[in-house]
Every structure is written in structure tokens, then in C-alpha cells.
Amino acid sequence: MRIATWNVNSMRARADRVSAWLERSDVDVVAVQETKCRDDQFPASVFTDLGYEVAHHGLGQWNGVALASRVGLEEVRTSFDGQPGYGEPEEAEARAVSAVCGGVRVWSLYVPNGREVDHPHYAYKLRWLEALRAEGAARLAEDPRAQIAFCGDFNVAPQDDDVWDMAAFEGKTHVTEAERQAFQELNKAGFADVVRPHAPGPGVYTFWDYQGLSFPKKKGMRIDFLLCSPALADRVTGARVDREERKGKGASDHAPVIAELD
DNA sequence: ATGTCATCTTTAAGATGA
């Protein structure tokens with residue numbers, strides 16, 4: 001089974017590229033983030049025309065997540081237990097969708113960006129990551145051999161090698177101790193980054209800002225992950241970042257990340 | 001040296017978020 005995660009930065013603007021990528025990538029399951037549309041605007045045919053079932057959760061112009069599978073898509077959920085909301089009053093956002101695909105509970109997750117460390121969005125981000133850890137821990141407490149994949153844009157660079165220059169991130173989000181701690185707590189709960197062992201850094205990134213020619217200058221960040229429960233991580237035989245997809249006109253600012261399972 | 005993109009809206013160029 002081949003499983004991928006990709007922040008497409010607008011499904012409507014990226015429809016043709018997503019379709020072309022699916023055709024050449026031969027993935028069985030893909031978790032998509034930042035679809036940036038409501039359910040009624042979502043171009044489901046991009047997936048269904050190629051034989052995938054697809055679930056989308058979008059509430060407006062921001063966020064939006066989808067999950068496409070050609071190995072089954074059952075028991076769809078559009079949030080996890082205790083998933084925090086945002087704003088005043090607090091409202092749920094479209095940042096999670098999941099289903100059981102080929103016996104694996106796969107999540108497509110778009111972790112809040114955090115904006116600035118003194119912004120309420122940053123505290124929201126930390127709450128969100130902690131709630132995700134609790135969800136994962138609860139499922140593994142029920143069944144330690146559960147096959148669960150937390151796939152998505154985590155908006156955290158867990159190690160210094162995951163950004164092109166730590167000095168450029170002084171005082172910025174994505175690299176703070178609290179964010180890295182929250183990510184590490186997910187790891188400690190049993191959810192391992194299954195890509196890093198097959199694509200070690202430095203210099204392996206999944207995101208390059210559109211601004212300032214970041215991609216040609218190799219100024220990227222590794223912030224997109226496939227975090228797998230122990231029983232699922234055991235099945236991984238290979239993984240890679242498809243940085244080719246970041247090239248050319250009309251690319252998303254994120255590259256797809258792909259893992260191979262037996 | 002600088003350098004983006006997508007979406008929405010007062011439907012033009014600006015504001016916003018990333």
C-alpha cells in the first residue's frame with residue numbers, strides 16, 4: 001500500500017496538477033490539506049474519475065481537508081475527540097478528516113499555523129496538538145496494535161535540520177521549544193515519523209515559501225509528516241518527498257510526502 | 001537587490017492568511 005500526504009494550497013486552483021500527480025504517483029491513499037473550499041465547491045471528480053473514493057470537510061475559504069482512497073473509505077469522521085475550536089465564540093474548524101482505508105485509520109490533518117508566538121493562534125496550535133496526542137493515546141490504549149496514520153501539515157519543524165537556517169527562525173513559530181515538545185509528545189505516545197529514516201536530512205524539506213525564490217534557493221522546511229502507530233510503522237518499507245512536484249508554474253508551496261507499506 | 005499565491009470583497013485594487 002502506498003500512502004501520501006499533500007498540502008495542495010487550494011484544491012480548485014490545483015485540480016489539474018493534483019490529477020496529473022495522482023496519475024503518475026500510483027498512490028492508494030492520499031491525505032490532502034488546505035483545500036480552501038466548502039464541500040459544495042470541492043472538485044471531487046479529480047479523485048473519483050481516477051477510481052478513488054473521497055471524503056472532504058470544508059467550511060469556507062480557509063483550511064479544508066480531504067481524504068481519497070482506492071482501498072476503501074469507511075467510518076468517515078470530520079473531527080477527533082476533544083478537537084479544540086478557535087475564535088470568540090470558539091468554533092470548530094475544518095482541520096481533520098479521517099476514515100478507515102484498507103484496514104488503516106487514516107487522518108488528514110491541518111494543524112493550526114500559530115502565526116506569532118504571542119498570538120492566540122499559537123496557544124490554539126499547542127492545544128490542538130495536545131488534543132491530537134490524547135486522541136492517539138486513547139485509541140492505542142484500546143488496542144495497542146491499532147493501525148493509525150496521522151498524516152498532514154503539522155506546521156512544526158521538529159529538529160534544527162528541518163529548517164534551512166535556524167538563525168532565520170529566531171523568535172518565530174514552527175521551531176519553538178513548546179511546539180517541538182508537543183510534536184515529541186505525539187512521538188512518545190507511539191506515533192513515529194516513518195519518512196525520516198528513509199529520507200534523512202539535512203536539506204530534506206516539504207515546504208518552500210512562495211516568497212523570495214525559496215525553492216531555487218533551497219530555503220525550505222520539513223513540516224509535513226506521516227506519523228504512524230507501532231503496528232503500522234512496522235509495515236513501512238520506504239518513503240520519500242516528491243520535490244519534483246514543487247517545480248514549475250502552478251505548484252503548491254508544499255510537496256507531497258509518500259510512504260510505502262507492505 | 002528583489003522576487004508569491006489564493007481568496008474574498010466596496011468586483012478594483014486592497015486586505016487577509018499563509
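Here is how names work: the chains are called A, B, and so on, in the same order as the sequence lines, proteins then strands, and each is numbered from 1.
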- Query: A/K249 near the nucleic acid: base, sugar-phosphate alone, or nothing, with a heavy-atom cut-off under 4.0 Å?
  - Reply: nothing
- Message: Applying side chain to side chain contact (heavy atoms under 4.5 Å, CB included), can you list everything that pairs with A/A168, at least two apart in sequence or on another chain?
- Response: A/W164, A/D165
- Quick one: sort the A/W6 and A/W21 rings into parallel, tilted or perpendicular, breaks at 30° and 60°. tilted
- Validation row, ring centre A/Y86 to ring centre A/H121 under 6.0 Å: yes
- Task: Identify whether the distance between the nearest side-chain nitrogen and carboxylate oxygen of A/R38 and A/D40 falls below 4.0 Å.
- Result: yes
- Message: Measuring only the P atom in each nucleotide, how far is B/dT2 from B/dT7? A whole number of Å is fine.
- Response: 29 Å
- Task: Give the nucleotide from the list B/dC8, B/dG3, B/dA6 with an atom nearest to the side chain of A/S10.
- Result: B/dA6
- Round to a whole Å and report the spacing from CZ of A/R14 to P of B/dT4. 15 Å
- Query: Which letters describe nucleotides 13-18 of chain B, given B = protein heavy atom under 4.0 Å from base, S = only from sugar-phosphate, - = neither?
  - Reply: ---BSB
Provide a list of protein-nucleic acid N or O atom pairs under 3.5 angstrom, restricted to nucleotides 10-12 of chain B.
none

- Item | Qualifying residues under side chain to side chain contact (heavy atoms under 4.5 Å, CB included), relative to A/A131, sequence neighbours excluded | A/F80, A/P84
- Who are the salt bridge (Lys or Arg N to Asp or Glu O under 4.0 Å) partners of A/K36, not counting sequence neighbours? none
- Message: With a sphere of 6.0 Å drawn around CD of A/E170, does it hold more than 12 non-hydrogen atoms of other residues, nucleotides or ligands?
- Response: no
- Residues forming a side chain to side chain donor-acceptor pair (under 3.5 Å) with A/Q184, sequence neighbours excluded: none
- Message: Using the P atom as the point on both nucleotides, what is the distance between B/dG17 and B/dT10, in whole Å?
- Response: 15 Å
- Message: I want to check one thing: is the phosphate of B/dC5, taken as OP1 and OP2, less than 4.0 Å away from some side-chain N or O of A/R17?
- Response: no
